[in-house]
A.B. asks: 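Take a look at the following structure, please.
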Number of protein chains: 2
Amino acid sequence: MKNDHTSNNDIILMGHGGGGLLTNKIIDEIILNELGNPILAKLDDGACITVPQQELVMTTDSYVINPIFFPGGDIGGLAVCGTVNDLAMQGAEPKYMSLALIIEEGLPLSDLRRIIRSIKNTSVETGVLIVTGDTKVIEKCKRGLHEHTEKDRSASPENSGIFINTTGIGLKLPGVNTAVSNARPGDSVIITGSMGDHGMAIMNIREGLNLESGLISDVAPLWSMINSLLNDIPGIHCLRDPTRGGVAAALCDVAKTSSCGIMINESSLPVKNTVRGACDILGLDPLNVANEGKAIIICRNQDEEKTLQIIKKHNLGRDACVIGKVTDEPAGTVLLKTRIGGERIIDVPTGETLPRIC
Amino acid sequence: MKNDHTSNNDIILMGHGGGGLLTNKIIDEIILNELGNPILAKLDDGACITVPQQELVMTTDSYVINPIFFPGGDIGGLAVCGTVNDLAMQGAEPKYMSLALIIEEGLPLSDLRRIIRSIKNTSVETGVLIVTGDTKVIEKCKRGLHEHTEKDRSASPENSGIFINTTGIGLKLPGVNTAVSNARPGDSVIITGSMGDHGMAIMNIREGLNLESGLISDVAPLWSMINSLLNDIPGIHCLRDPTRGGVAAALCDVAKTSSCGIMINESSLPVKNTVRGACDILGLDPLNVANEGKAIIICRNQDEEKTLQIIKKHNLGRDACVIGKVTDEPAGTVLLKTRIGGERIIDVPTGETLPRIC
C-alpha cells in the first residue's frame, strides 16, 4: 500500500481548509500552477467576465463518483466533461466554469495534482475557462450506514476522496432550441454511440467483477461534435446526454416533457459485447446504465441522414445510429420493440441502480 | 432522540440520488415546491438566462458547515448569503444562482425541507433567482481520522449532514472597481459591525462551551446595504467580507495584493462582550474568527464620513466604525496598534482555527 510511505507532508490536512497559509499553499502550488489564467489569477472572491449580448446557459453539477480514478478517466475530467456536455445539450458553447473542491482530509497531494491536471487537460480541450473556485476540507469519512461487505471494500471506502462541483456558463447558439420538450411525432431518435460504457466500467470495479478488458468509461466532452451538428442543422429538436439513469431515464424525460410517445427497437440498440456481458452477470439492462460521452439526438425525420453523416465524421460519434422514433401515442410513454416483435414499457427506475456513478 | 420515530419514509435514502423516481420526488415535492420559478421549472440540464450588455461577476462557494443548524441561521441561508455577499463585494447585483446539494443518506426529510425553506427566504430577500440545480446522495459518514472525544460528540458527528454549493452570477455596477488590489495609502479602513459573531456561535456549540446568551451568527445578505453605498460613492476602493480566516486574513490579503501597509487600532475594534468572553476562554483572537454578515470597506479618507453615514442607516451597519488606515509602509503587512501603544504584526494563520465554519 502506498499509504505506508505517506507522511503528513504528502496528504491533505484539515488545516488546508482553514483559509490560512496552508490553504494558500495548495491553491498557489497545485491549483493555480495548473489552471492559472488572467481571470482566475486575480483570486478575488469572484471573477469578472464579459459576454456578448446573447442568451446564456447556466448549469451546475456535483461529482461524487467513487472510485475517483477509473478506467478511461477520473473525477476531474468527468467534472469538466459532465458540465460541458450539459451546456452542449442546450446548444451552448462552453465559455466559463467555476470549480469548487470539497476534499477529505488524508487525500494524497499526488491524487489532487493528478485530478487538477486532468481538469486542466479537459478544459483546454473544450475551450472552457476556469475563472473562479473554492476549496474546502472535510474530516475523513468512514462511509456506509450499514456494515460493509467484502464486496464494498474492493471500492476502497476507507480511501480519502473528493467531491467536485463545476458550474458552467455557455453562450447559446442563436436560433437553436434543443429543450427536452421539443420532440414531435415522426422525429428520429439517434444515439451517438454504444450504451452503458461508463456505468459498467465503474460497476466492474465497485462490484469486484474483475472483468479485465473492454470496460472503459466513455467520458468525453461532446461540444465539438454537437457544435458541428448545430451549425449545419440548427433546427435539431432535442439533445440530451443519457448520464445518471441511462438512456431509459433520458427518453422517459423527453416523452413526458414533450407529451409524446417514443418507440425504440431492441435490435438497434448499440451495446458493446463486454458491456452486455457484464450487464448480464449483474442482471442489469444497459438502457438504465450511465453514459458520460454520448448524446441522444432527436431530429426531424428528413434531417436523420444528414445528422448521422455529420456525427459519424467525429471520432466520438462514429458508431452513431438510429434507435427509434417519436410517436403520437401513448403520450408520455417509452416503448421497446423487442427482437421477437413484442412491446415492453420502458420505465424510470425508482431508486438507484448504482449510486455515486457521476 | 427524534430518530426513534424516523422511518425510511422520512429520511434521505441512497435511492434519492439515483436519478429515478425517488430523485424526482424530492425535487418536485421539496425543492421545486419552495423554489419554483419559470426558469427552474423547465428542469432542463441547464437554465437559459438573459443579461444586459454589462460586465458579469461569477463566484462559487461550497458550504460544509457543521452543525447545519445553528443560532442565527442554518446552512441553507448561509449558502445563499455567502455567495450573494461575494458578489456584493465585487460591486455586483446578485441576479442568478445555481444550487447543488450533496446529501448524506439518513438526513431527515424535515431537515431538508427546513434548509430549502431557508434558501427560499434568503433568495427572495436578496432578489437572486435560483435557476438551475443538482442533487446527489452519498453514503452516511462516520467522520474523523482520529478517535472522537466527548467534546466532538456534542457536535453530533453521527448525524447526517448536507453540503451545498451555490454559484452566483451578478451584474457589475458600471464604473465600480472594489478589488482587493485597490487600497491606497491614506485610505480609511471601516468595518460594518462587530467581529467574530458567526465563528463564536458555531464554536459555542462545537466546543460545548454552553454559553447561553448572545452568541448568535451574524449571517446576513449585504447587497442592499452595499448597493446604497456604491450608488452614492462608486469610487469605494475595496470591499471584502471577512469570512473564513476573519478580519485578519481579509486585511492581510488587501495589504499583500495592494502592496501597502495597514494599521489598525486595537481600541477601535468592535467586539461584543459575549464574543470576547468566549474568545478568551478558548484563547482565540476575534480578528481571526469568521463573520458572515460583515464587510470591510476601504475608501478614500475624504469619503469616510459619508460612507459611515450611509452604512449606519442600514440595520446591518448600525455599528459600523473606522478601525484603521492604509499606510505606505511596511508594504504587505498589517500592524495592530495595541491599547498600550505598542505595535504587533497581524498574520494569516497557518492552518485552521476552526474547520467547517462555513
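Here is the naming used below: chain letters follow the sequence lines, and residue numbers restart at 1 for every chain.
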A.B. asks: Using modelled atom types and a 3.5 Å cut-off, is there a donor and acceptor pairing between side-chain atoms of B:E55 and backbone atoms of A:T50?
C.D. replies: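 A pair under 3.5 Å: no.
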A.B. asks: Sort out for me which of B:A248, B:A179, B:G168, B:A249 touches chain A most, counting heavy-atom pairs under 4.5 Å.
C.D. replies: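 If we count pairs closer than 4.5 Å to chain A, B:A179 comes out on top.
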A.B. asks: Flag the pair B:I102 / A:V64 as yes when at least one side-chain heavy-atom distance between them is below 4.5 Å, and no otherwise.
C.D. replies: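 The answer is yes, as the side chains (C-beta and beyond) meet within the 4.5 Å cut-off.
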A.B. asks: Most heavy-atom pairs under 4.5 angstrom with chain B, which of A:T59, A:L13, A:N85?
C.D. replies: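 Winner by heavy-atom pair count: A:T59.
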A.B. asks: At what distance, to the nearest 0.5 angstrom, does CG of B:D347 lie from CG of A:L21?
C.D. replies: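 Going from CG on B:D347 over to CG on A:L21, the span is 7.0 Å.
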A.B. asks: Measuring from atom CE of A:M58 to atom NZ of B:K95, what distance do you get when rounded to the nearest 0.5 angstrom?
C.D. replies: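 These two atoms lie 13.5 Å from each other.
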A.B. asks: Please determine whether side chain to side chain contact (heavy atoms under 4.5 Å, CB included) holds for the pair A:V51 and B:V51, giving the CA-CA distance in whole Å, both sets of side-chain angles, and the decisive distance to 0.1 Å.
C.D. replies: CA-CA 9 Å; A:V51 291; B:V51 291; 4.2 Å; yes
A.B. asks: Can you name the one residue among B:N165, B:D61, B:I65 that meets side-chain contact (heavy atoms from CB on, under 4.5 Å) with A:K136?
C.D. replies: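 Only match with A:K136 under side-chain contact (heavy atoms from CB on, under 4.5 Å): B:D61.
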A.B. asks: Under 4.5 Å from any heavy atom of chain A, what part of B:C252 do you find: side chain, backbone, both or neither?
C.D. replies: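 For B:C252, there is no contact with chain A at all, as no heavy atom is under 4.5 Å.
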A.B. asks: Work out which heavy atom in A:V137 is nearest to a heavy atom in B:R356; give both atom names and the distance.
C.D. replies: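 In terms of heavy atoms, the two residues are closest at O-CG, 3.8 Å.
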A.B. asks: Where on A:Q53 is there a heavy atom nearer than 4.5 Å to chain B: the side chain, the backbone, both, or neither?
C.D. replies: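 Contact with chain B is through both the backbone and side chain of A:Q53.
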A.B. asks: If you round to the nearest 0.5 Å, how far is SG of A:C358 from CG of B:D134?
C.D. replies: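 Spacing of CG (B:D134) from SG (A:C358) equals 7.5 Å.
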A.B. asks: Return the option, out of A:T257, A:T135, A:T167, with the maximum number of heavy-atom pairs under 4.5 Å with chain B.
C.D. replies: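 The option with the most such pairs is A:T167.
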A.B. asks: Looking at SG of A:C48 and CG of B:L56, how far apart are the two atoms once the value is rounded to the nearest 0.5 Å?
C.D. replies: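 One gets 9.0 Å once the value is rounded to the nearest 0.5 Å.
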A.B. asks: Under the criterion side chain to side chain contact (heavy atoms under 4.5 Å, CB included), I'd like the reasoning laid out for A:T60 against B:L99: C-alpha separation, chi angles, the key distance, then a yes or no.
C.D. replies: CA-CA 7 Å; A:T60 191; B:L99 174 69; over 6 Å; no
A.B. asks: Within the side chain of A:R244, is there an N or O that forms a donor-acceptor pair under 3.5 Å with the backbone of B:G17?
C.D. replies: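 Yes: the side chain of A:R244 pairs with the backbone of B:G17.
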A.B. asks: At a 4.5 Å cut-off on heavy atoms, which part of A:V131 comes close to chain B: side chain, backbone, both, or neither?
C.D. replies: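 Just its side chain gets close to chain B.
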